[in-house]
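Whatever order the structure lists them in is the order used to number ligands and atoms, beginning at 1. Numbering of residues begins at 1 and proceeds along the displayed sequence.
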Amino acid sequence: MKKVAVIGAGYGGLRAIENLANNKEVSLYLFDENSYHYLQTEAYGYIAGRFDLHDVALDLQNWCHGFKNRVNFIQEKVTFIDSRNNNVQTENGKYDFDYLIIASGARTNFFKQISGLDQYGFGVKKLFRSHGFRTAFEKLLYEKLVEEKSHGKLMNLAIGGAGLSGVEIAAEMADVVARQTKSIGESAQELQIYLIDASETILPGMSEYIINNTQKRLEELGVKIITNSFIDSVDKDTIYFKDKTELEYTFMIFTGGIIANTIEMDKEVQTNRIGQYICNDTLRIDENIFAIGDCAELTSKSGNILPPTAQTAERSAEYVAKSILKLLEEKELQPFKAKVDGVFVALGGYYAVGELFSFIKVKGKFAYILKKLITKSYYIGLKLRLNTGFMKRTSLEKENL
Ligand SMILES: Cc1cc2nc3c(=O)[nH]c(=O)nc-3n(C[C@H](O)[C@H](O)[C@H](O)COP(=O)(O)OP(=O)(O)OC[C@H]3O[C@@H](n4cnc5c(N)ncnc54)[C@H](O)[C@@H]3O)c2cc1C
């Protein structure tokens, strides 16, 4: 029996486990520092108060139990990889492996050169950070509700970074504010959402169709878009731009960049400017060590670097799982050929913009339904496994009473 260890229970890590768990030749070890899988792709709805905690976080121990003793979950942070002796180390011990999959994701890059950003900006790549912003946003809406009368003073909620996550959060919050005007009253309109990016457009790198329709929707929702603007520094209530302009703000979210979560190793490994592992064409950084998802630089068939998405994390996980099974049969590996099927951007309420296979273009409620179908099918798959695991666990506990 070969031991396969997976570091990170995000989109990539879980997909790798799912694709390996049916094989009786391997025993699986899943490491995560957290007890839950965080559905980052749903963070926009959680922050704006549309989704609940159970929509964005699922218990990993129950999920692993759902594989009926095939998957061992170890809730510990991996601090060192010993590639010569084939083991990973945590604060509490050493664990051997035959194959290792690093799926440790990435975190928000609160650029050090922008002073005050880390201190005053909220990130969304960690559940506690999203939760912090959700609480702050809810408190603000509550204060608006109980205010006796409108003060007429605008309160700016600033989102730094107009990539996929920044755009989705801006749209969802603007939609909530628009809808709350009915129940909270006119003072809700004092909340003004700003979306800021250093690039020339929002969603840099995406197609014209997606950019134009997203821009139109954001404007309809009343989001103020500031592009071509570099943030120089931030203090407790003001964002200072390089062109010497300023923006007062009440809360700020930063989604303007990521940095990979790499793990110390006994060998030097090549990484790119945002810390992602540079793998060979079979996604290996060593003979039996693979890197997938946000922590790795993944390229398309044509050699372009792919944006870090859940979709790419899953595709790379499926490829690596298949590769490990091939290696067990002593078969040769084919290079990884990433394929992006499409992109859907949720834009507040029941509205989305999307493209499938680059020729199907959709917007509005239909696009929203398609996006929801994709995220729901992912969620339901996890939930079924979770329910099986939970039932197994509780029946075992009863037996032991
Ligand atoms: C608001 C928002 C919206 C998004 N929308 C979309 C979308 O619509 N479509 C899309 O495809 N993508 C979207 N993304 C991007 C997507 O969420 C990421 O690309 C995806 O989460 C990457 O998956 P991953 O498995 O590589 O890493 P992650 O999901 O980040 O998981 C990494 C895991 O590794 C664990 N970990 C890290 N270091 C260690 C360690 N040393 N030891 C143990 N555990 C460790 C972490 O706790 C975490 O659980 C969105 C992201 C955000 C923030």
Side-chain angles (χ1 to χ4, degrees), residues 5-17 29-48 51 56-58 60 73-81 88-91 95 100-108 122-130 133 159 161 163-173 203 206 210 253-265 275-277 291-296 298 306-317 320 340-347 352-354 370-372 374-375 378:
V6 179
I7 306 174
Y11 291 83
L14 295 197
R15 183 52 58 90
I17 294 281
Y29 295 81
L30 176 64
F31 292 85
D32 204 290
E33 53 194 324
N34 297 318
S35 59
Y36 52 83
H37 168 61
Y38 170 37
L39 286 92
Q40 289 176 45
T41 56
E42 306 298 281
Y44 68 94
Y46 183 64
I47 287 168
F51 303 151
V56 293
L58 295 174
L60 284 167
F73 175 54
I74 298 153
Q75 193 198 329
E76 286 178 38
K77 181 175 179 150
V78 175
T79 49
F80 190 76
I81 300 167
V88 294
Q89 295 170 21
T90 69
E91 227 176 55
Y95 301 84
L100 175 66
I101 304 174
I102 310 175
S104 49
R107 58 192 187 278
T108 305
F122 287 84
V124 289
K125 287 197 72 71
K126 291 207 164 137
L127 181 59
F128 82 91
R129 290 246 192 199
S130 291
F133 191 75
I159 297 156
L164 188 56
S165 42
V167 158
E168 290 193 329
I169 292 166
E172 195 61 46
M173 288 201 323
L203 297 173
M206 290 208 186
I210 297 274
I253 293 189
F254 189 70
T255 63
I258 58 160
I259 186 147
N261 296 321
T262 43
I263 298 161
E264 203 187 327
M265 204 162 150
Q276 290 172 314
Y277 293 109
I292 60 169
D294 279 10
C295 73
L298 301 171
L306 292 166
T309 62
Q311 193 185 140
T312 316
E314 287 170 340
R315 291 298 91 77
S316 56
V320 163
V340 180
D341 297 332
V343 61
F344 281 87
V345 190
L347 290 170
V353 171
L370 284 180
K371 175 160 172 105
K372 250 318 164 255
I374 297 167
T375 49
Y378 178 75

Heavy-atom donor-acceptor pair, Glu172 side chain to Ile47 backbone, under 3.5 Å: no

Backbone N/O of Tyr36 and side chain of Asn34: donor-acceptor pair under 3.5 Å: no

Short side-chain to backbone donor-acceptor contact, Gln276 and Ala260, under 3.5 Å: no

Shell of residues surrounding ligand 1, defined by a 4.0 angstrom heavy-atom cut-off that is strict: Ile7, Gly8, Ala9, Gly10, Tyr11, Gly12, Phe31, Asp32, Glu33, Asn34, Gln40, Thr41, Ala43, Glu76, Lys77, Val78, Ala103, Ser104, Gly105, Val124, Leu164, Ser165, Glu168, Asn261, Ile263, Gly293, Asp294, Pro308, Thr309, Ala310, Gln311, Ala313, Lys371

Side-chain (Glu33) to main-chain (Val78) donor-acceptor, under 3.5 angstrom: no

4.5 Å side-chain heavy-atom contact, Leu60 and Ser35: no

Polar side-chain atom of Ser316 near backbone of Gly293 as donor-acceptor pair, under 3.5 Å: yes

